[in-house]
Amino acid sequence: MSQITIAIHGGAGTIEKSMLSPELEKSYLDGLRYALEQGYTILNQGGDAMSAVEMAVIALEDNPLFNAGKGAVFTHQGKHELDASIMNGNTLEAGAVAGVSNIKNPISLAKAILHHSGHVMLASEGAKAFAIQQGIEIVPDDYFYSTYRYEQWQEIKNTSTYQLDHQAKQEHQYSESEKKMGTVGAVALDSFGNLAAATSTGGMTNKKYGRIGDTPVIGSGTYANNKTCAVSCTGHGEYFLRAVVAYDVSCLMEYQQLSLQEACDKVVHKKLLPMGGEGGLIAVDTMGNFSLCFNSPGMYRGVKNNMGINEVAIYGQ
Ligand code: ASP
């Protein structure tokens with residue numbers, strides 16, 4: 001069998017060993033391992049990269065520890081507005097959904113938009129109507145409720161602050177630089193040599209005015225192209241939008257012949273960091289090279305291939 005690879009992330013930020021209890025650390029690592037396995041099994045059975053990234057992201061969306069699907073953060077109005085996107089590197093087809101509510105797995109809605117809507121991106125009520133028409137699973141508001149997310153929102157709900165997903169249950173209020181982003185994503189190379197990328201998020205706690213970040217924007221939060229690589233991002237979306245991060249990695253490979261690692265390093269460390277953009281990305285190319293690259297202290301991440309790599313990790317070096 002030719003090379004197969006899957007990489008996943010569950011958000012980046014200030015995630016340090018001292019901040020997670022051993023039990024919580026284990027829960028995160030188990031969640032990452034489970035999602036990695038869901039995606040890898042599809043690839044190993046000869047399935048395609050699009051199905052692998054969708055399945056890995058569904059596993060992370062269904063896990064309340066991550067800020068996507070079930071674990072999505074609260075908006076200023078006390079709701080959950082979800083963003084997701086998926087891209088096929090073989091066909092350059094893409095599907096995205098922004099600011100939608102009551103969708104159990106926004107990544108599956110993004111995939112349905114890609115295949116059945118004739119469009120790339122649908123938003124809010126229209127996206128929900130399309131989901132109903134497509135038979136996508138709808139869940140009540142309280143499906144997304146968790147005490148931790150609720151308390152997180154209570155802390156800032158009467159302020160004009162909006163914030164990236166916090167670290168798990170806190171003893172103290174973390175400063176702006178101690179934040180973590182809990183968006184989830186996956187990138188894969190299948191046995192046919194095709195690439196795909198998928199990303200899903202609840203966005204930022206207390207967000208208002210229909211704020212949308214980089215996650216559903218093709219080229220910023222998600223991009224895949226068989227000529228170059230597949231990329232899924234996590235971080236402060238406003239910076240990732242302005243830096244057009246995912247497409248920039250691909251462009252550096254396509255137009256400047258940089259390797260995958262060189263391209264990721266350049267964008268994450270040399271471009272984003274000076275702008276103030278904290279976060280990271282996962283990427284894979286058609287040779288099966290992968291990069292789990294971040295400029296924050298940690299990133300929930302994992303990678304598995306059929307050459308003996310099978311790792312999950314949280315903290316930086
Ligand atoms: N990029 C996401 C956003 O800005 C947040 C994250 O990665 O956690 O909506």
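We count ligands from 1, going down the list as the structure has it; atoms in each ligand are counted the same way.
Applying the 4.0 Å criterion to heavy atoms of T215 picks out, from ligand 1, the atoms 1 (N), 2 (C). Near T234, the atoms of ligand 1 lying under 4.0 angstrom from a non-hydrogen atom of the residue are 6 (C), 7 (O), 8 (O). Taking every heavy atom of G203 and a limit of under 4.0 angstrom, the matching atoms of ligand 1 come to 9 (O). Under a 4.0 Å criterion applied to the non-hydrogen atoms of G182, ligand 1 contributes the atoms 8 (O).
The closest heavy-atom contact to atom 9 (O) of ligand 1, among the options M204, R211, H9, E238, comes from R211. Comparing I212, D214, T183, V184 by heavy-atom distance to atom 5 (C) of ligand 1, the nearest is T183.
Ligand 1 does not have G11 within reach: every non-hydrogen atom of the residue lies 4.0 Å or more from it.
Between the side chains of N102 and D141, at least one donor N or O sits under 3.5 Å from an acceptor N or O.
Side-chain atoms of N105 never come within 3.5 Å of backbone atoms of I107 as a donor-acceptor pair (strictly under, hydrogens ignored). Side chain of D83 to main chain of T201: no donor-acceptor pair is present (N/O by atom type, distance under 3.5 Å, no hydrogens or angles).
At least one N/O-N/O distance between G235 and ligand 1 falls below 3.5 Å.
Proximity of E278 to ligand 1, defined as any heavy-atom pair under 4.0 Å, is not found for any part of the residue.
Contacts classified as side chain to side chain donor-acceptor pair (under 3.5 Å) and involving residues 239-248 (residues at least two apart or in different chains) are given here: D248-K271.
With sequence neighbours excluded, no residue forms a side-chain contact (heavy atoms from CB on, under 4.5 Å) with S124.
L241 contributes atom CG, which lies 6.5 Å from atom CD of E238 (distance to the nearest 0.5 angstrom).
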Check against side chain to side chain donor-acceptor pair (under 3.5 Å), E254 and T228: CA-CA 6 Å; E254 185 172 1; T228 55; 5.5 Å; no
